[in-house]
Amino acid sequence: MTSSADLASLYQLLATRDTPTLPSGERRAILGCGYVGEAVAQAWKQQGHELWGTTTRPERLTELANLVDNPLIFDSTDSRSDLSFTQDLDGILVSFAPSKTSNVDLHHYQQTYLQGVELLLQALQQRPVSTPLQLVYLSSCGVYGNRQGAVTGEDDPTDTDHPINAVLVRAEEMISSLRSEHVNVCILRLGGIYGPGRDIPATLLGAAGGLIQRNGLNVPCWIHRDDIISGVDFAFARSLNDTFNLVNDTQFNGQELTDRLCEQAGLPFARWLTIDTADRVLNARVSNAKLKRLGFRWSHRCLVG
C-alpha cells in the first residue's frame, strides 16, 4: 500500500510539474494496476477521470475500488479474460508485468505480453472505427540488449536474439498495429523503476565494501515512478503517437554508479564483477533526447547527484 506521505508528495508533484493541461472527465482504463499502474490511478482519480482498473488477484479488488470506479479481474495468461469494456473508452494505459515469481520464465512472458496484447487487439476490433482513442503502452529499454554501452536512441536496433527481448519487441509491434487515423499508440520504453518502496540507491549502498555478483561494466538506465506518471500524462496531453525512451539522465555503468553513491555516503566502495553472470543484460547509454525535444521535464533527473 502507498503511504499518506507518498500520496501527498505525488499530488504536490502533479500540481507543479511542467506539462500541458489534461482534459478532465475522460473514460480511461489501466490494464495492470501494479506498482506503476496504481500510482497512475491515484493521479488520474485526482484529475476527475472515470476509471477502469485491472488486477490479476481477486484479493486486491477491494483495495483497487478505492482508486478506480470499476475494478476488474484481468489475467492475460487466461484466454477467457474479457476486455470488452475497453471498446467505449477515451484512453487506455497498458501496464502489463509478469508476476514476481515468474520474472525469468519465457512462457510466462509470452502469456503476459503476447496473449495480453492479443486479447486487447481482439476487444478493440469491435470498437467503432471513427471513435478517437489514446493508448499508452509501457515497454522496457531492455529491448536494446547489449549494445556495448553505446548511446542508444529509439531508432537503434532492438535485440531479438534473446527470447525474452524478442517477446517484448513483438508485443510492441502488435500494439503498434492498432495505429490508425483515430487511434494513437504511444510506446514508452522504461528504464529500471525506482521510487517509494524501491530505494535503488539504498539497495546499492547496502553492498558497500562487498562484491556485487553482476557485471559492473554494463550501463543500465533508470526512471523514477513519479516521472513515469508525468510521462504517461504527457503522452495523453500531447496525443503522442510514437515510441519514446522514458529514462532519466543517469548513464553510469554499475561500478561508476556505486562508486559515486559510496563516495557521497562516506562508505567503502563496492566491487562488481567484470563478466556477465546472466544471458540477458542491458548495456546501453539510453538517450532521452527525443522526449526532451518535445518539452518533457523530469522531476528526478538523476539517480545520483
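Predicted model only: the values in this text are computed from it and were never measured.
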| said: Here's a test for you: under side chain to side chain donor-acceptor pair (under 3.5 Å), which of Thr243, Asn245, Asp155, Asp242 qualifies with Lys290? | reply: Asp242
| query | When you check the side-chain N and O atoms of Gln122 and Glu118, is any donor under 3.5 Å from an acceptor? | reply | yes
| request: State whether the side chain of Glu256 and the backbone N or O of Asn253 hold a donor-acceptor pair below 3.5 Å, judged by distance alone. | output: yes
| said: Please check this pair: side chain of Thr152 against backbone of Ala150, looking for a donor-acceptor N/O pair closer than 3.5 Å. | reply: yes
| query | What residue among Thr160, Asp159, Thr158 forms side chain to side chain donor-acceptor pair (under 3.5 Å) with Asn165? | reply | Asp159
| Polar side-chain atom of Arg27 near backbone of Leu89 as donor-acceptor pair, under 3.5 Å | no
| request: Check the hydrophobic clustering (I, L, V, M, F, W, Y; side-chain heavy atoms under 4.5 Å; chains of links allowed) and say if Val40 and Leu291 are grouped together. | output: yes
| Looking at the rings of Trp44 and Phe236, which for Trp means the six-membered one, are their centres under 6.0 Å apart? | yes
| request: Check Thr86 against Leu124 and note the closest heavy-atom contact, atom names and distance. | output: OG1-CD2, 3.6 Å
If you look only at distance, which donor and acceptor atoms sit under 3.5 Å apart when one is on a side chain in residues 130-138 and the other is two or more places apart or in another chain?
unit_1	atom_1	unit_2	atom_2	d
Gln134	OE1	Asn184	ND2	3.4
Gln134	NE2	Leu240	O	2.9

| With a 4.0 Å cut-off, would you call Arg170 and Glu173 a salt bridge? | yes
| query | With a cut-off of 6.0 Å (strictly less than), are more than 12 heavy atoms of other residues, nucleotides or ligands near CD of Glu263? | reply | no
| query | If you measure from NE2 on His224 to SG on Cys302, what distance do you get to the nearest 0.5 Å? | reply | 13.0 Å
| Is any side-chain heavy atom of Leu273 closer than 4.5 Å to a side-chain heavy atom of Asn215? | no
| field | Minimum heavy-atom distance between Gly142 and Arg280, given as atom pair plus value | value | CA-NH2, 4.1 Å
| said: Any side-chain to backbone donor/acceptor pair from Asp156 onto Gly153? Under 3.5 Å, distance only. | reply: yes
| Can you tell me if Thr54 uses its side chain to pair, donor with acceptor, with the backbone of Gly32 under 3.5 Å? | yes
| field | Thr55 side-chain N/O to Cys33 backbone N/O, donor-acceptor pair under 3.5 Å | value | no
| query | Can you tell me how far the CG atom of Leu190 sits from the OG atom of Ser139, to the nearest 0.5 Å? | reply | 7.5 Å
| message | Could you tell me if the side chain of Pro98 sits less than 4.5 Å from the side chain of Asp105, heavy atoms only? | response | no
| query | For the hydrophobic clusters of this structure (ILVMFWY residues joined by side-chain heavy atoms under 4.5 Å, transitively), does one cluster hold both Ile164 and Met174? | reply | yes
| field | Residue pair Ala270 / Gln255: nearest heavy atoms and the distance that separates them | value | O-NE2, 3.0 Å
| remark: Separation between CG (Asp227) and OG (Ser299), nearest 0.5 Å, reads 5.0 Å
| message | With rounding to the nearest 0.5 angstrom, report the CG to OG distance, Leu119 to Ser84. | response | 11.5 Å
| query | Is the shortest heavy-atom distance from the side chain of His108 to the side chain of Ser76 under 4.5 Å? | reply | no
| Would one find more than 12 heavy atoms of other residues, nucleotides or ligands at under 6.0 Å from atom CD of Glu181? | no
| said: Within the structure provided, determine whether Phe234 and Leu246 are in side-chain contact (heavy-atom separation under 4.5 Å). | reply: no
| remark: Here the pair of heavy atoms bringing Ala208 nearest to Pro268 is CB-O, 3.3 Å
| Do Leu294 and Phe244 have side chains that get closer than 4.5 Å, going by heavy atoms? | yes
| said: I'd like to know if the side chain of Asp276 reaches the main chain of Ala278, judged simply by a donor and an acceptor atom lying under 3.5 Å from each other, with no hydrogens or angles considered. | reply: no
| Hey, quick one: are Phe269 and Leu257 part of the same hydrophobic cluster, counting side-chain heavy atoms closer than 4.5 Å, chains of contacts allowed? | no
| query | Is a side-chain N or O of Arg285 found less than 3.5 angstrom from the main chain of Gly149, in a donor-acceptor match? | reply | yes
| said: Do Trp272 and Asn218 have side chains that approach each other closer than 4.5 Å (heavy atoms only, starting at C-beta)? | reply: no
| query | With sequence neighbours left out, what residues match Tyr113 under ring-ring contact (aromatic ring centres under 6.0 Å, His included)? | reply | Tyr109
| message | Could you tell me if the side chain of Gln42 sits less than 4.5 Å from the side chain of Leu67, heavy atoms only? | response | yes
| query | Same cluster or not: are Phe96 and Leu178 linked, directly or through other Ile, Leu, Val, Met, Phe, Trp or Tyr residues, by side-chain heavy atoms under 4.5 angstrom apart? | reply | yes
| Between OG1 on residue Thr112 and NE2 on residue His107, distance to nearest 0.5 Å | 9.5 Å
| query | Between Asp249 and Lys292, does at least one N-O distance fall below 4.0 Å, as a salt bridge requires? | reply | yes
| message | Looking at every non-hydrogen atom in both residues, tell me the closest pair between Leu106 and Val167 and how far apart they are. | response | CD1-CG2, 3.8 Å
| query | Does one hydrophobic cluster hold both Ile193 and Ile30, with members joined at side-chain heavy-atom distances below 4.5 Å? | reply | yes
| query | Are the side chains of Ile92 and Trp52 in touch, meaning some heavy atoms are under 4.5 Å apart? | reply | no
| field | Closest approach of His49 to Gly25 (non-hydrogen atoms, all atoms of both residues) | value | ND1-N, 3.6 Å
| said: With a 3.5 Å distance limit and no angle check, can you tell me whether Gln251 reaches the backbone of Val286 through a side-chain donor-acceptor pair? | reply: yes
| message | Using a 3.5 Å distance criterion without hydrogens, assess whether the side chain of Lys45 forms a donor-acceptor pair with backbone atoms of Leu51. | response | no
